[in-house]
Amino acid sequence: MAVEAFAKTNLMEDMDDDDDMPLVFKRSSTTSKQNQSNSSSQKQDGRSGRQVPDIRSPNGQSSSTHKVKTVTSSKASPAVSPLTSPKASPLSSRTSPAPNSRPSSSAGNQAKNVNQQSNVTPKESKQAVEPKSEPNDEAEDSDDDKLLSSRVPSGLSKSTSVHAKKVLCTSTSVQKSRPPKKEDSDDETPLASRFPMKSNAGASTSKFSSSEEVKPKIRQNGLPSATVLSKRPPGEVKSAAQASVKKPRLSDASTPVSSKQPPFKTEKKTEDDDDDVPISQRIKKAVDSASASASKVSYVKKATKVVSSSMKKTKKKLKKPKYSKSSKLQPSSGDGQKWTTLEHNGVIFPPPYKPHGVKMLYKGKPVDLTPEQEEVATMYAVMLDTEYMTKEQFKENFMNDWRKILGKNHVIQKLEECDFTPIYEWHQSEKEKKKQMSSEEKKALREEKLKQEEKYMWAIVDGVKEKVGNFRVEPPGLFRGRGEHPKMGKLKRRIRPNDITINIGKGVPVPECPIPGQRWKEVRHDNTVTWLAFWNDPINPREFKYVFLAASSSLKGQSDKEKYEKARRLKDYIEGIRSAYTKDFASKDPVKRQIAVATYLIDKLALRAGNEKDDDEADTVGCCTLKVENVEPVPPNILKFDFLGKDSIRYQNEVAVYEPVFKAIQQFRSGKKGSDDLFDKLDTSKLNAHLKELMPGLTAKVFRTYNASFTLEQQLTKLTQGGELADKIAVYNVANKEVAIICNHQRTVSKSHSVQISRLNNKIDELKAILEEFKVDLARAKKGKPPVKGADGKAKRNLTPQALQIKIDQTNVKIDNIERQIDTKEELKTVALGTSKINYLDPRITVAWCKRHEVPIEKMFNKSLLAKFAWAMDVEPSFTF
DNA sequence: AAAGGGACTTGGCAACAATTTG
DNA sequence: CAAATTGTTGCCAAGTCCCTTT
């Protein structure tokens with residue numbers, strides 16, 4: 001029943017409508033949201049420190065998992081395949097920390113990248129050097145689908161590497177052998193084109209198999225069929241289904257249409273969720289109005305709701321009739337139309353500036369400033385304790401903009417002579433004051449604000465009340481660019497109504513301009529876009545700032561779902577794509593060679609595409625914009641990456657690659673300077689255009705989603721083994737961490753980190769002292785002697801040896817727990833798990849896993865994630881990515 | 001093909017809120 | 001109960017990827 005219960009969870013639906021947000025999803029029975037433990041703390045037998053995840057999963061196994069409520073511990077882990085084991089080195093040894101060196105901060109200690117860091121050496125070298133060909137071919141089949149990502153060497157995931165090795169790197173033998181088979185001749189033919197052909201042939205078969213497979217479920221990834229490339233089942237399968245579709249035009253990422261029958265899913269969907277389908281499909285063709293309407297109906301009824309006891313307020317007001325929050329997504333209609341009716345109240349502006357009158361000093365003397373001048377001075381003063389004060393660029397940009405407001409002949413001429421501390425201190429004391437307010441006062445304030453903002457918080461889209469994401473106009477301030485942004489410190493001026501364009505349904509009232517005497521810049525009625533309002537970014541006028549619906553809205557949910565469906569589809573094409581680019585590593589056409597290598601890197605390392613950037617932006621790169629100096633080849637086949645990626649987060653990694661790739665990189669570098677583009681014949685549009693030939697709608701970023709979700713599922717399958725709830729949660733976190741590392745989602749080490757660690761160490765010391773004492777007492781008790789005196793000099797109670805032994809055991813457990821806590825804390829100090837959870841991991845994987853293992857979903861997803869992923873909550877327990 | 005406009009997703013962090021600890 | 005921690009949310013910067021125009 002757990003399962004069942006789960007399924008029911010749903011959001012509330014219409015009737016109750018209460019508008020407030022509380023949607024709670026709970027499982028009926030247990031629930032208890034409250035005690036969330038911190039995952040980390042628990043004990044677990046299973047995972048010892050070294051869990052090196054090895055991605056390779058075994059076959060997968062058993063299908064039946066679902067439905068089983070009981071434990072089943074044995075399930076997944078069959079013996080580990082031999083392959084795996086080799087790699088599993090003890091990496092656990094602490095990964096050496098410091099992965100990230102953020103530019104700004106820390107200096108460099110970082111070792112290498114998150115991934116492999118220190119330990120690289122040993123194993124790495126080994127691998128690198130000796131390519132192992134071990135991987136058997138057949139084994140291969142089973143895992144064909146694996147991701148490449150595994151950076152080989154990396155510490156943590158070494159296992160992953162297995163795959164890598166096999167497929168991509170090294171083993172010459174392997175590699176070689178493979179390609180030949182399939183490819184045979186046509187190098188140039190796009191895979192896509194090839195697929196179809198084959199598919200036809202096998203269509204019938206494929207269909208079968210596919211369906212069958214589905215049911216059994218779990219296995220999936222193995223796509224056994226993959227076996228020999230030559231068949232490339234996936235491709236075919238798919239193609240068959242879609243063949244027709246594609247032609248029509250494609251580009252739409254969303255797939256096609258009619259396809260309702262995509263091989264795999266078909267089956268399942270029938271069961272219960274039809275919702276899957278609709279979404280993407282309708283896109284194009286569709287639109288069959290008929291169907292559309294139909295679907296709508298269905299979705300409505302579908303929602304079942306379970307109201308938890310806790311939902312108290314549910315019934316409050318019913319203002320507008322229908323706010324349903326069904327988890328079902330409504331179909332999007334073809335042609336780009338995003339909504340039919342749209343109502344909202346516009347945006348809210350920050351309050352006007354209130355002068356404080358605190359005077360800053362110039363050359364030691366107080367200066368009078370107009371409110372406008374003071375406002376800007378305050379923006380700067382408030383940042384006195386930030387890193388920005390160490391950046392010349394920031395100060396210079398600030399001064400240039402401030403000077404415009406001060407006027408040419410103002411007393412204040414040089415920033416160096418300015419002393420903003422009075423304002424800074426005033427600000428600090430204001431902050432303090434606020435902090436000191438009683439909780440009632442704070443609450444009152446909050447309510448006040450809420451009341452004021454409430455009307456802006458919601459929009460009604462196609463009759464459904466949806467939350468608006470950011471309805472507050474950005475207040476003026478100094479631009480805080482990341483990394484070495486050329487524009488940091490510039491004044492971001494105040495936005496006024498006449499900077500703003502409103503988008504709203506026709507025939508509904510246009511939000512009144514909240515500032516008297518002013519008006520909106522423009523009002524549009526464009527239902528092909530989802531934004532409610534936008535204005536030009538004051539820092540870069542050619543860019544825009546949009547107001548969108550919140551992540552929990554069905555409009556966002558729908559596209560989120562489509563994103564994951566597309567990534568899932570990639571699974572069916574990946575093998576063909578890999579074999580195609582593998583072949584192209586040696587192509588004589590340099591463009592092809594670069595595309596092949598770039599695709600390989602994106603596939604294996606989950607790199608971002610890497611669009612070109614302007615000079616007035618921070619200098620960061622992605623795959624297509626890598627510079628020669630960012631990739632250093634170290635014979636025999638290691639590539640050392642070191643560059644600043646998005647948000648100027650450093651990416652450092654050492655990876656053993658397939659030899660042709662290594663050679664190609666060396667060749668791309670030859671004759672160039674360090675600052676030259678590594679891929680000089682490539683850019684993201686060429687790359688994506690190529691990817692699109694391989695799979696409809698495929699772009700570089702899909703690989704990241706695919707890689708992340710695939711890895712999560714794989715890790716969960718591999719690591720989950722019965723045990724306590726806490727153990728399962730720990731497993732999930734380990735899997736999540738793997739993904740975060742692959743995606744290079746970093747965070748800065750909190751300032752209190754070292755303090756926290758030493759505090760824990762102290763605790764361990766204390767416990768150890770206690771432990772020793774117990775041991776002494778135990779020895780004495782056995783001889784019938786009384787315990788020694790405690791530190792405080794007081795005599796202790798006499799305990800039996802058994803009782804003492806219990807105490808000793810308990811203390812040991814405590815120590816172990818703390819040690820484990822230290823380990824995870826250390827491991828996660830630079831890794832951010834949230835980003836992947838929000839953006840890369842198909843929530844259905846998590847939901848299905850929770851259902852299978854009786855883990856309450858609210859242990860994994862917080863309230864906002866539950867709302868964002870409402871569309872995924874009723875997935876079957878047997879779902880596989 | 002390159003440039004530019006446009007829309008939407010992805011990201012890290014700081015402020016806040018909720019909990020746990022001492 | 002205050003202080004310390006940890007979890008959430010808001011903020012807004014920074015990417016990706018289209019699509020249209022030159």
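Throughout, protein chains are lettered first and strands after them, A, B, ... in sequence-line order, and every chain is numbered starting at 1.
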Between the protein and nucleotides 16-18 of chain B, which nitrogen or oxygen pairs are less than 3.5 angstrom apart?
unit_1	atom_1	unit_2	atom_2	d
B/dA17	OP1	A/Arg446	NE	2.9

At a cut-off of 3.5 Å, list every protein nitrogen or oxygen paired with a nitrogen or oxygen from nucleotides 12-15 of chain C, distance to 0.1 Å.
unit_1	atom_1	unit_2	atom_2	d
C/dA13	OP1	A/Lys492	NZ	3.1
C/dA13	OP2	A/Lys545	NZ	2.4
C/dA13	O4'	A/Arg482	NH2	3.2
C/dA14	OP1	A/Arg482	N	2.7
C/dA14	OP1	A/His485	ND1	3.3
C/dA14	OP2	A/His485	ND1	3.3
C/dA14	O4'	A/Asp647	OD1	3.4
C/dG15	OP1	A/Thr620	OG1	2.9
C/dG15	OP1	A/Asp647	N	3.0
C/dG15	OP2	A/Lys613	NZ	2.2

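Taken from CZ in A/Arg747 to CD1 in A/Ile649, the straight-line distance is 12.5 Å, to the nearest 0.5 Å.
Atom-to-atom, NZ of A/Lys431 to P of B/dA14 comes out at 11 Å; the value is rounded to the nearest Å. One interatomic measurement links the two molecules: CG of A/Asn540 to C1' of B/dG4, which rounds to 12 Å at whole-angstrom precision. Spacing between atom OH of A/Tyr564 and atom P of B/dT9 amounts to 11 Å, rounded to whole angstrom units. At whole-Å resolution of the value, CD in A/Glu387 and P in B/dG12 are 17 Å apart. At whole-Å resolution of the value, CG in A/Leu532 and P in B/dC8 are 10 Å apart. Look at CZ on A/Phe548: it is 14 Å from P on B/dG6, rounded to the nearest Å. Rounded to a whole Å, the NZ atom of A/Lys837 is 17 Å from the C1' atom of B/dT10. Computed from coordinates, the A/Tyr706 OH to C/dT16 P distance equals 21 Å when rounded to whole Å.
Applying the salt bridge (Lys or Arg N to Asp or Glu O under 4.0 Å) test to residues at least two apart or on different chains, none of the pairs has a partner in residues 750-766 of chain A.
You'll find that the side chain of A/Phe544 is closest to B/dG5, out of B/dG22, B/dC8, B/dG5. Nearest nucleotide to the side chain of A/Arg759, out of C/dT5, B/dC8, C/dC17: C/dT5. Comparing atom distances between the A/Ser559 side chain and each of C/dT8, B/dG11, B/dT9 picks out B/dT9 as nearest.
Axis angle across the helix from B/dA1-C/dT22 to B/dG22-C/dC1, with five pairs used at each end and values rounded to 10°: 10°.
Summary of the strand contacts: A/Lys701 and A/Lys763 both lie near DNA chain B, and taking for each the nucleotide with the nearest heavy atom, the more 5' one is attributed to A/Lys701. Ranked by how close their nearest DNA chain C nucleotide is to the 5' end, A/Glu612 and A/Phe861 are led by A/Phe861.
For A/Lys556, no side-chain nitrogen or oxygen approaches OP1 or OP2 of B/dC8 to under 4.0 Å. Side-chain nitrogen and oxygen atoms of A/Tyr546 include at least one within less than 4.0 Å of the OP1 or OP2 phosphate oxygen of B/dA7. When the side-chain nitrogen and oxygen atoms of A/Lys825 are compared with OP1 and OP2 of C/dT6, one or more of them lie within a distance under 4.0 Å. Contact annotation: A/Lys692 side-chain N/O to C/dC18 OP1/OP2 distance is under 4.0 Å. Of the side-chain N and O atoms in A/Gln756, one or more sit less than 4.0 angstrom from OP1 or OP2 of C/dT6. Residue A/Thr530 places at least one side-chain N or O under 4.0 Å from the OP1 or OP2 atom of B/dC8. Checking the phosphate oxygens (OP1, OP2) of C/dT8, no side-chain nitrogen or oxygen of A/Ser864 falls inside 4.0 Å. Between A/Thr699 and the phosphate of C/dC17, there is a side-chain N or O to OP1/OP2 separation shorter than 4.0 Å. Contact between the side-chain N/O atoms of A/Arg747 and the OP1/OP2 oxygens of B/dG12 is not found at any separation under 4.0 Å. The shortest distance between the side-chain N/O atoms of A/Thr835 and the OP1/OP2 oxygens of B/dG12 is below 4.0 Å.
Classified by interplanar angle (parallel below 30°, tilted 30° to 60°, perpendicular above 60°), the ring pair A/Phe641/A/Tyr651 is perpendicular. Ring pair A/Trp871/A/Phe869 is perpendicular by interplanar angle, where above 60° counts as perpendicular and below 30° as parallel. Ring pair A/Phe534/A/Tyr546 is tilted by interplanar angle, where 30° to 60° counts as tilted.
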Mind running salt bridge (charged side-chain N to carboxylate O under 4.0 Å, His left out) on A/Asp842 and A/Arg568 for me, showing each step along the way? CA-CA 9 Å; A/Asp842 187 331; A/Arg568 248 175 125 201; 5.1 Å; no

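With sequence neighbours excluded, no residue forms a ring-ring contact (aromatic ring centres under 6.0 Å, His included) with A/Tyr564. Scored by the side-chain contact (heavy atoms from CB on, under 4.5 Å) test, A/Ala567 finds A/Val702, A/Thr705, A/Tyr706, A/Phe881 as partners (sequence neighbours excluded).
Between A/Tyr840 and A/His745, the distance from one ring center to the other falls under 6.0 angstrom. Note: A/Phe471 and A/His344 fail the aromatic proximity criterion, with ring centroids not under 6.0 Å apart.
A/Lys556 forms a cation-pi arrangement with A/Phe548, by the criterion of a distance under 6.0 Å to the ring centre and an angle within 45° of the ring axis.
When heavy atoms are screened at a 4.0 angstrom cut-off, A/Ser685 is found touching no nucleic acid atom at all.
Between the side chains of A/Thr699 and A/Asn688, not a single donor N or O lies within less than 3.5 Å of an accepting N or O.
In summary, A/Lys613 and A/Asp619 do not engage in a salt bridge, as defined by a charged side-chain N under 4.0 Å from a carboxylate O.
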